[in-house]
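Here's the structure, in structure tokens; my notes come after.
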Amino acid sequence: MAELLQMVNISKHFGPVIANSNVDLTVKAGEVHALLGENGAGKSTLMNVLYGLYAQTEGEVYYKGEKVDIRTPGQAIALGIGMVHQHFMLIPALSVIENVVLGYEGNGAVLDLKKAARDFTEMSRQYGMEIDPWMRVEQLTVGQQQRLEILKALYRNAELLILDEPTAVLTPQEVDSLFAIIRRLTSEGKTIIFISHKLAEIMTICDRCTVLRLGRVVAEGMQVSEIVDAQQLAELMVGQAVNLKTDKSDATTGRTVLQVKGVSALNERKLEALRDVTFEIKAGEILGVAGVDGNGQSELVKCITGLLPVTSGSIEIEGVECANKQPKQILKQGVAHIPEDRQKMGMVSAMNLRENLCLMEYDHEPYSSKAGFLRWSWIDKHSRELCQRYQVRTPGVTELAGNLSGGNQQKLVVGRELDREPALLIAVHPSRGLDIGATKYIQSRIVQERDRGAAVLLVSTELDEVMDLSDRILVIYEGKVMGIIAQKDADRKQLGLLMAGMRNGNGEKSVV
Amino acid sequence: MEKIRVKAINGVKTVYFPVVAILVSLLIGSVVILATSQTSPLVAYESLFKGAFGNLRAFDDTLLKAIPFIFTALSFAMAKRCGIINLGAEGQFAIGALMATIVGVGMPDLPLVPHLLLTLVAGFIGGAIYGLIPALLKVQFGASELITTIMLNYIAKEIISFMVNGPIMDSASSLYPQSAPIPGSARLPAMFAGMRVHWGAIVALLAVVFYYVYLWKTKSGYELRVVGLNPNAGHYAGMNIKRSIIRSMLLAGGFAGLGGCIEIIAVQGRLMMTSFTVTYGFTGIAVALVGGNNPIGILISGVLFGGLQAGALRMQMMTDASSSVVQVIQALVILFIAGRLMFRLRTGRHLRQRTLAVPPVAMDERGEKR
Amino acid sequence: SGETATTTAEAAPATEAQETEAATEAATEAEVTEAEETEADVTEEATEAEEPEAEDAKPKVALILEGAVSDMSWNATAYAGLEKIEALGAETKYVENIPASAGADAIRTFADEGFDVIFMSSNSYQDAGKEVAAEYPDVQFFMINSTVTEDNVRSFAIQDAEQGFLMGALAALLTESGTVGFIGGLPINPIINGGKGFEQGVKYVNEEVEVLSENTGNFDDVNAAKELAKAMIGQGADVLSPMANQASLGVMEAAEEEGKKGIGSGLNQETLAPNAAVVAIVKDTSIAYEAAYQAYLDQDMPETILPMGAAQGVVYIGDYYIDVDDEIKAQLEEIYEKLASGEITIDLD
Amino acid sequence: MDGLSSFLASVLRLATPTLLAALGIVFSERAGIVNIGTEGMMLIGALSGVMGSFYTGSVWVGALIAMAVTLLFSMIFAFFTVVIKADQTVIGTGMNILAAGLTITVNRAVFGASTSPPKIDVFSTVKIPLLSEIPVIGPALFQQPMPVYLAFLLVPVAGFVMFRTNVGLKLRAVGENPRACDTVGISVMKVRFSAVLYSGLMAGLAGAFVSMGQMSFFTENMISGGGFIAVAAVVFGNYTPRGVMFASLTFGASRALMYRLQAASTGIPSQFALMLPYLITIVALCLVIRRSNKPTASAVPYIKE
Ligand SMILES: Nc1ncnc2c1ncn2[C@@H]1O[C@H](COP(=O)(O)OP(=O)(O)OP(=O)(O)O)[C@@H](O)[C@H]1O
Ligand SMILES: Nc1ncnc2c1ncn2[C@@H]1O[C@H](COP(=O)(O)OP(=O)(O)OP(=O)(O)O)[C@@H](O)[C@H]1O
Ligand SMILES: [Mg+2]
Ligand SMILES: [Mg+2]
């Protein structure tokens, strides 16, 4: 195979932060090349340099043997490079199809959106990732947005496709179909750079990999087949031994912490999103919610946290009725919430780490005094501790949260929430975008919280995560509870059927 | 070592950019002066500088003029921190002045301290109420404050016009459209004999300190900033967004109102039809934004704009450059100061990235560290 | 060093004036040889160098304006007054667009720079003027439309109401529809008084005539004045009188477009409204300024507020732009005389 | 003309400069640039139009000159806000002061400070055959100067460009999420720069209409807030050309109403009549509850990396 891309001696500095240091990357035509590394290792930065979003501090790029100087994404696109960004590059106020054709070279002066929508629908059907082209992007779930990002790049027929953590919020089925697409693309001679923290995925789909650690290359162009196990890879990335086991004993449950009874709710589009949902969580247990993204999980969490009104039903937290109460009152019941979209909701990008770490608890001691003043010296100390404990890689606690790498932003939010010793912990995609080490650490922390006596509601599109961590698993489909299964009774096949809206495994679609 | 270097670069930068900006704007302005008058630009600029900082009296003048700008800048900045674009400082300033006049003139028999305090409070409340209106309209009806505040400015102007032509018109001396003079018991005196800068300067300083302490040291101010930067996150963290907006506009209006009050009770002495021909509100926006909405920045840029105003007056008087030419030069200074980052092209790449990557927020951090 | 530079700067305009004079002289002496010319230049330079001292003899007069000299009315006539004062042999200087809050600075700056006479063109400066005047006993201050008289302060009261009265009287004489309109700008003292005079002028001539009187709230917005005028015409007004500085032009234009009559409050409006503009009833404050300055030169300044109106020739009837019935002209002239003699008084309360 | 007819005519006249300017601003706003400097641009347009008409003797050439000059002037705004990424509000404010100073300086230099304005060619009334014969609305709507028709004809055109064309899509996207646009190869700077220039062009025409359509001369500061009203019309009109048209008409109608109330000598202090248009605007804004189309990245400079 010929070398399609060579990045030579690339360095990228952000002020005092060195994100990439003399990185070499060689990608062969037609391969799927994995780019691996811990959170903050510099993967996204390297790809942004390639895509023309960042100008490298030093180094050269050769594409198809020729030296290229890519200064804008426009140039990258013209060269046939496409990129799916770690953080969505979508325009929420526009429709799906408008997002797709935006900036597309093949557009006429007058847009024919109907035709474009037909082409797009056909293409998305082919790839098994259907999205209504006329929907406004802000109405899409995170998973749908991720699919749209991939489809957007495919629509442009890129030759070299960079996928920066595309699977972070996809369901297993979606991951499978994405892999099918990737295989088809490579068979068509296209080349993929694939960034992921999930070893299984890398083993399945990638040919070779390059590993970054602290901005430097530690393994270049290594054959994926040479990787023995996750342990080896983790050690390669981190540079030392890592514990990848999640120790979990049986649950010892206590009082009922969360009691949801007959809850129905409309989503932001005013469509029915939850229908008569009933369940409870006791202290010391983890209830996992399994379901294909967009089946009411977001709404359920929002109803419990007071961010979305319920139309009927009751939600009791620690015996206190919380339906349609102000978020603040609910938080006072000891609720911690790792939100699904960290950038949109979970943090304030333009504030620094310290300010982000006191977001939930700023209004009482020891964060602030009775008189209403914040205790910055305490917060400062506490923030340092948290950053250390949750391995948030940052130049300091006065760094802007928005400047952290995606995974580190996640650690920031997760760390903050876990640290609150909540009675009820609601964790939505808690390990989204985290590297292997961090994922395991966060998962074991969630289990620890359970063992401490917290009730945990775990929402994840990652079926493995749900199955590993949960004591009981609730399957949701189109806003309705399909069933609640104890962990030991759960098997993938049965869960998969329930998630697809089929009961009793007889293939019959249940009436909802 | 690196830290010291960065600090040094930052230090140079804070001085370097505005200085170069002013030099360039003066250079371009000199072309205008040459083209339109007989005066040599050097002479014109000398009078500009002398009028602003040339001697004690000039500096006195500069400070005097800076005071109202600092208040209106605080008004804009306070709202901006909560994500509200308050273009209404102009009206809030005027209503504050009106309320102060009503209390100042209306209760002439009070002793000095209570009367003065009462007048200041009235000014603050007047502005706060006038700031509350757009805030309520926004949270209740979703009416864009961008428009309502501008509209309220025009309305305030008519309210003032109505009041000084009727209810509070001074009937004692003559029938001019102006209020009676503010009695001595409600007037803010000068700080030093022979100078005009008055105790309002101290009030302004206290307001700046309050702005800083409130936003960066209190829970309530923190809420306000979170809501301003990411309302979703604020909601998620249990903050009441509507209440934050209302609070920020009350304070913003209050600052402007206090400024208006002080301008009347310390400088103008009575409310007139023409009390607000200087665009206090709009200049305040420029002051706030040039000062990066941060406390020290607002102080410095307030003095800069005060100086520009004072110097421009002298330049008009001492040279044959007409007031419109002076206006042009003022405008150029504003443009280039606001666009001062363009001169980064001349400095190292390192500097450039830092300034670009972390725009105004870098100042926040500096604020907190102390 | 700063001080010296300023002195040079101030001397500069005067020097130039001198130079032009010299040039004219040179032109008349056509037969001077080149060599002599050079010599003459040298001598001239020498005299120039001494001039600053000689210059001191010239009184320095300053004018502080609240609006722009180009407003075709209040400030423009004040500026014209300053020009007349210059013609009387004074060195003059003016500043425009000075808000009330900057009045004190402007006055002080002029006083510090050695000006002998300072005019304040608006009653907005009254408080500031009174305060600063006390600090500069050697400087003579004149305040327009104020009530202050001190050792070194004299005030004169421009009789805006008389101007309005004449406009109203003429409007009442001209109207056919029985409705006339007055359009003021910002409701400040001169305008309000003008409006009051207008109404009384109308009623003086004919009790039956209906008066529409309104302010646009602004001197800049010509279009507002024009639309208001059109709306008044819609209400039946057929003679309009603006008193809104430059915005007055909008009223004249409306009258022209709608085929009605307009009575100007400033000169030179006939080009804009050749058919509508009847005459300008002028309030020429320049005469007041000149008279005040003359009184200063003569050291003859009674300690009273000097009225400046028809009696002093400050308010007068300009040339008619279009043909007007002689009888009407005569009637107006008579009213003018009565105003000047004090037979007609205007009630401003 | 009867009362209603003259009222309607007055509404159109008053709405036109607002609409013309707002049809430009709506594009720059959609691209994420808040053009507070419109006031100044209209002033420049008003003066340069008069000068153009004065020297060439043709109002149309004058209008073209006004548009060209204002376009050049708006380049300063574009340079500072788009290239330098300085704060749009400050630069806009600076531009307004600059324009006021420049127009006064130039006007005095060219036409003198205190003389009557020169006679110039102005937009004359164009009667639309047939339509102008309709009773009441005919004389009101179809006996207007050309720019009035032009402004209203531009509304659907602007709507089409904004919502149906590739350029329009790019424009709207740039105002929403410039970074995302960058990643699909759109030059944010180019789009924003052109949008500002376009808004300058339209502000120039609007200013020229004020000085040569509504009036027949230039006076200092004659725009007196018209530019701010145009910016308000864009927000009030919810950032669509059609909405902008309704907003301009609302403003025009409330002002026309105000003048009639004043002229009717109702005895209400004039200040209250003068407040009316602004009060109406506020009330209308509160009654129209809807999803705002305000661009997310409005007034946010796009800084790469
Ligand atoms: N715009 C920026 N300004 C300052 N620092 C930055 C910026 N972008 C990235 N960094 C820093 O560069 C380093 C590398 O970040 P990058 O996003 O490339 O990591 P990553 O390997 O993609 O991590 P993740 O797996 O968490 O996404 C991090 O330390 C991050 O804080
Ligand atoms: N061709 C056009 N001419 C004029 N106006 C148009 C045109 N197309 C759309 N509009 C206006 O633009 C607005 C937005 O159009 P679009 O088709 O994007 O609808 P939308 O995205 O649902 O926005 P909204 O819900 O705010 O109307 C419409 O409300 C309409 O008033
Ligand atoms: Mg990344
Ligand atoms: Mg990243």
Side-chain angles (χ1 to χ4, degrees), chain B residues 32 35-37 76 85 87 133-134 137 140-144 146-148 150-163 165-166 279 282-283 285-290 292 322-342 353 356-357 359-360, chain D residues 34 36 40 76-77 79-81 83-87 89-91 93-109 113 220 225 228-229 231-233 235-236 269-275 277-282 285-292 294 299 301 303-305:
Chain B
V32 181
T36 57
S37 73
F76 179 82
I85 310 290
L87 300 182
I133 298 170
L137 294 178
Q140 281 303 311
F141 304 106
S144 160
L146 217 71
I147 301 188
T148 53
I150 291 186
M151 298 295 137
L152 285 165
N153 287 344
Y154 291 117
I155 292 173
K157 190 187 137 217
E158 298 306 331
I159 293 176
I160 299 292
S161 167
F162 172 73
M163 293 301 282
N165 273 298
T279 52
F282 276 98
T283 312
I285 295 173
V287 171
L289 291 169
V290 166
S322 72
S323 74
S324 56
V325 172
V326 175
Q327 234 178 341
V328 169
I329 289 161
Q330 272 180 311
L332 289 171
V333 174
I334 294 178
L335 291 182
F336 282 94
I337 290 266
R340 61 193 178 279
L341 284 188
M342 79 169 97
Q353 282 173 352
L356 283 180
Chain D
V34 180
I36 294 277
I76 306 175
F77 183 80
F79 173 74
F80 276 103
T81 56
V83 182
I84 305 296
K85 298 160 179 49
D87 187 277
T89 317
V90 182
I91 299 298
T93 310
M95 294 294 288
N96 289 338
I97 302 173
L98 183 64
L102 278 180
T103 50
I104 293 173
T105 310
V106 173
N107 183 49
R108 288 185 188 180
E220 292 170 9
F228 292 110
I229 298 290
V231 175
V235 184
F236 187 22
S270 63
Q271 288 91 353
F272 291 104
L274 290 169
M275 278 179 206
Y278 310 116
L279 283 174
I280 290 179
T281 305
I282 291 178
L285 201 61
C286 294
L287 294 182
V288 189
I289 305 167
R290 59 187 161 186
R291 194 179 55 81
S292 170
K294 181 179 178 190
I303 295 162
K304 237 181 143 171
E305 144 176 3

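In what follows, chains are A, B, ... by sequence order, proteins preceding strands, each numbered from 1.
Heavy atoms closer than 4.5 Å to chain D are found nowhere in B:Asn153, neither backbone nor side chain. Contacts of D:Thr105 with chain B are made by both backbone and side-chain atoms, with heavy-atom separations under 4.5 Å. Looking at B:Thr148, both its backbone and its side chain come within 4.5 Å of chain D, counting heavy atoms on both sides. Contact annotation for B:Ile160: neither backbone nor side-chain heavy atoms come within less than 4.5 Å of a heavy atom of chain D. With a 4.5 angstrom heavy-atom cutoff, D:Ala100 touches chain B via backbone and side-chain atoms both. Neither the backbone nor the side chain of D:Phe77 comes within less than 4.5 Å of any heavy atom in chain B.
Among the candidates D:Thr81, D:Ile97, D:Ile76, the residue making the largest number of heavy-atom pairs closer than 4.5 Å to chain B is D:Ile97. Of the listed residues (B:Ile334, B:Val328, B:Leu335), the greatest number of heavy-atom pairs within a distance under 4.5 Å of chain D belongs to B:Leu335.
Across all their heavy atoms, D:Ala86 and B:Gly339 have their closest contact at CB-CA, 3.8 Å. For D:Ile91 against B:Ala338, the heavy-atom pair with the smallest separation is CD1-CB, 3.7 Å. Nearest heavy-atom pair, D:Ala232 versus B:Ile147, reported as atom, atom and distance to 0.1 Å: O-CD1, 3.1 Å. Shortest non-hydrogen contact noted between B:Tyr154 and D:Gly225 is OH-CA, 3.6 Å.
Checked against the 6.0 Å centroid criterion, the rings of D:Phe228 and B:Phe282 qualify as a close aromatic pair.
Rounded to the nearest 0.5 angstrom, D:Phe272 CZ and B:Ile155 CD1 are separated by 11.0 Å. Separation of atoms CG (B:Leu137) and CD1 (D:Ile282) is listed at 6.5 Å; rounding is to 0.5 Å. With values rounded to the nearest 0.5 angstrom, B:Leu146 atom CG is found 6.0 Å from D:Ile36 atom CD1. Here the straight-line distance linking atom OH of D:Tyr278 with atom NZ of B:Lys157 works out to 7.0 Å at 0.5 Å rounding. Note that CG of D:Leu98 is 11.5 Å distant from CD of B:Gln330, once rounded to the nearest 0.5 Å. To the nearest 0.5 Å, atom CD1 of residue D:Ile104 and atom OG of residue B:Ser322 are 8.0 Å apart.
Between D:Phe80 and B:Phe336, the ring planes are perpendicular. Angles over 60° get that label, and only those under 30° would be called parallel.
Take B:Glu158 and apply the salt bridge (charged side-chain N to carboxylate O under 4.0 Å, His left out) test, not counting sequence neighbours, and it matches no residue.
With a 4.5 Å cut-off on side-chain heavy atoms, D:Ile229 and B:Met151 count as touching.
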